[in-house]
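Computed from a prediction, not measured in an experiment: that's the story for all the values here. Basis for what follows: all heavy atoms, side chains included, without hydrogens, waters or symmetry-related copies.
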Amino acid sequence: VLDALEQGQTRAILGWLARREFHHDGVARAVEALALESRCLAPGVPVGVMGLPGRSAFGNLSVSSAMEWADFVEPYRTGDATALAFALRQPAQQVFATVFLDSRWPALGVWQAWEHALRGGDGVVLWSSTELTSDQGELADPSAALELARALADIRQVRATLGGWRPRASGVALLHSFESTAVSWLLDAQLDGATWPRRLASYQDAYGTLEASLTGWTQLFEDVGLTPWALELAHLEPSAAREHPLLVANHLVVLDESGLQRLERYLTGGGHLLISGQFARFDGAWNRRPADWFQTWSAAFGDRVRRFDEDPKAYRKLRQEQGRAAQSWRERARAWASWAGLESDLFRPRGAAGDIPWQSASRLESSQEHARCVCVWALPAKTAADGSPPPDLQLELDLPAGWKAEWLVPGPTGPVEGSARELKSGQAAVVRFVPETH
């Protein structure tokens with residue numbers, strides 16, 4: 001296929017992708033059959049998938065196929081697997097995450113637990129027994145385990161206080177297309193020449209054109225208080241414009257007639273489309289598209305279609321440097337949110353917190369109190385050269401007009417007006433916002 005592409009024979013992709021579909025469907029049917037057999041042997045016992053990386057050019061079970069029957073899933077932190085699992089989750093389904101205890105960075109496990117909880121996760125899995133214990137059977141890093149235990153206790157307490165912890169899938173969403181993911185791998189491998197075999201799943205996830213930019217988009221939106229979701233292009237409905245007024249087409253290389261129609265209906269419904277990277281390079285018959293769909297849609301839908309020509313993977317490095325360049329990226333993300341009518345940053349930190357890359361937030365709706373909860377966690381992008389622990393973060397609230405706030409973590413709880421809290425690395429600050437008229 002690579003040789004054919006080199007000669008401009010793009011239709012060679014058709015057979016290659018058909019084989020990928022055949023293999024995936026076989027695996028998906030086999031796994032679902034095993035799940036059905038398990039339920040017959042042990043009625044009432046939950047059945048799910050652990051270690052779900054999502055579908056790639058190399059295989060693996062797709063998130064959508066697993067979510068059709070699974071009682072629970074544990075998606076890996078690769079690509080948009082986690083975002084898809086949360087977006088597709090039904091009320092009775094649960095989503096778990098693996099948490100690692102790292103003696104070199106004890107705060108990492110704490111951050112992973114909070115990050116999962118903020119998305120509405122249902123629990124964590126500690127990996128693995130060989131890393132958790134020493135040869136003598138004792139905890140390899142008791143301090144890290146204790147910090148994680150405290151974080152989990154805080155998470156459970158906050159969940160009990162709020163009376164619910166499932167964010168509604170709304171706001172910004174990243175388009176998911178398996179065909180574009182697979183073909184993007186082919187295009188990357190074509191550029192590599194004779195070294196293309198090294199583009200295995202882990203390498204592609206870290207360095208692939210589509211995958212690296214996807215990580216950049218995710219981090220950027222999280223850093224301005226917008227938890228990005230993922231929507232499959234094949235199932236994009238016009239109603240998505242109401243729940244996800246901002247849609248990002250990230251290296252959507254393949255766009256067939258059905259996909260074109262779905263995006264047009266989304267835009268007709270009032271949605272906003274941000275195009276990044278290659279767009280609609282191939283049609284459904286694997287011919288190169290001659291038309292510039294950006295120009296076509298701009299004429300039809302005006303300013304609700306925009307193109308962004310910079311590569312968001314650059315933000316991954318800039319956010320570690322904590323400089324003006326990273327702040328400029330975050331200002332642009334806030335401008336895109338405003339463009340689509342979204343509210344980013346329910347509050348902005350004052351004092352030592354400033355505009356920092358370790359800041360992120362998630363809005364949680366409380367059905368009992370009509371309140372919203374925002375969490376900011378302190379996770380520095382890099383540690384000091386001498387290995388010393390990062391400094392504590394002084395977080396001071398800048399409350400929006402018409403809201404009152406209550407600290408849930410760290411305590412003590414109670415009404416606050418602009419008071420600050422001190423956060424250690426990896427620790428979360430959870431604040432409940434309630435309208436003053438409530």
Side-chain angles (χ1 to χ4, degrees), residues 13-99 116 119-128 166 168-169 173-185 200-202 204-205 210-211 214 229-237 239-240 243 254 256 258-259 262 284:
I13 299 174
L14 181 63
W16 177 79
L17 199 61
R19 187 177 181 181
R20 304 275 73 74
E21 294 284 354
F22 175 78
H23 285 169
H24 175 267
D25 291 348
V27 172
R29 287 195 299 269
V31 173
E32 188 172 3
L34 288 172
L36 178 61
E37 182 180 357
S38 299
R39 290 191 170 105
C40 293
L41 293 172
V45 175
V47 180
V49 181
M50 305 291 286
L52 184 63
R55 193 176 178 191
S56 71
F58 310 92
N60 298 327
L61 187 66
S62 69
V63 175
S64 59
S65 62
M67 299 301 288
E68 290 179 356
W69 55 264
D71 297 311
F72 64 87
V73 295
E74 179 229 351
Y76 280 170
R77 298 174 184 269
T78 56
D80 55 4
T82 298
L84 274 174
F86 280 120
L88 295 171
R89 176 178 60 175
Q90 298 298 313
Q93 290 178 310
Q94 293 183 309
V95 179
F96 300 104
T98 296
V99 168
H116 181 63
R119 288 181 176 269
D122 299 285
V124 298
V125 179
L126 291 181
W127 184 269
S128 67
R166 286 210 169 187
R168 184 169 54 89
L174 303 167
L175 271 177
H176 173 88
S177 164
F178 165 70
E179 291 81 7
S180 291
T181 300
V183 174
S184 182
W185 174 83
L200 301 179
S202 58
Q204 188 70 13
D205 185 61
L210 183 149
E211 291 81 2
L214 178 66
W229 300 81
L231 296 180
E232 291 186 310
L233 176 61
H235 300 108
L236 183 66
E237 300 295 337
S239 59
E243 295 184 348
V254 183
D256 59 13
S258 175
R262 289 181 180 278

Interatomic distance, OH@Y76 vs CG@D205, rounded to 0.5 Å, equals 12.5 Å

Rounded to the nearest 0.5 Å, the CH2 atom of W229 sits from the OG1 atom of T82 at a distance of 11.0 Å

pair E37-L41: side-chain heavy atoms closer than 4.5 Å: yes

So does G59 get a backbone contact from the side chain of H24, meaning a donor-acceptor N/O pair under 3.5 Å?
no

| query | Please walk me through it: do L174 and D80 pass side-chain contact (heavy atoms from CB on, under 4.5 Å)? | reply | CA-CA 8 Å; L174 303 167; D80 55 4; 5.7 Å; no

**pair L84-H176: side-chain heavy atoms closer than 4.5 Å** = yes

**Prompt:** Hey, does E179 have a side-chain heavy atom less than 4.5 Å from the side chain of I13?
**Reply:** no

Nearest heavy-atom contact between A66 and V73 is CB-CG1, 4.4 Å

> Are W69 and V47 side-chain neighbours, meaning at least one heavy-atom pair lies under 4.5 Å?
Replying inline: yes

Notebook entry, point to check: Can you find a heavy atom in the side chain of V45 that is under 4.5 Å from one in the side chain of S38?
Noted result: no

Under 3.5 Å donor-acceptor, T181 side chain and S56 backbone | no

Taking every heavy atom of A57 against every heavy atom of A182, the minimum-distance pair comes out as CB-CA, 3.9 Å

Quiz item: Does N60 use its side chain to pair, donor to acceptor, with the backbone of P53 at less than 3.5 Å?
Solution: no

Rounded to the nearest 0.5 angstrom, the CG-CZ distance for L17 and R20 is 8.5 Å

Review point. Just wondering, do L52 and L61 contact through their side chains at under 4.5 Å, heavy atoms?
Key: yes

Rounding to 0.5 Å, atoms CZ (F178) and OG (S64) come to a distance of 11.0 Å

**Message:** One thing to verify: whether R55 and E21 come together as a salt bridge, which I'm taking to mean a side-chain N less than 4.0 angstrom from a carboxylate O.
**Reply:** yes

Interatomic distance, CD@E243 vs CD@E237, rounded to 0.5 Å, equals 11.0 Å

Taken to the nearest 0.5 Å, the spacing of R29 CZ from S65 OG works out to 11.5 Å

Side chain to side chain contact (heavy atoms under 4.5 Å, CB included) test vs L88 passes for just one of E68, Q93, M67, H235, namely M67

Sorted by chain and residue number, the ring pair (Phe, Tyr, Trp, His ring centres under 6.0 Å) partners of F96 (sequence neighbours excluded) come out as F72

- Task: Would you mind checking if D256 and R262 are paired as a salt bridge, meaning a charged N to carboxylate O distance below 4.0 Å?
- Result: no

Are there over 12 heavy-atom neighbours, none belonging to R19, within less than 6.0 Å of that residue's CZ?
no

Q. Would you say the side chain of D71 lies within less than 4.5 Å of the side chain of Q94, judging by non-hydrogen atoms?
A. no

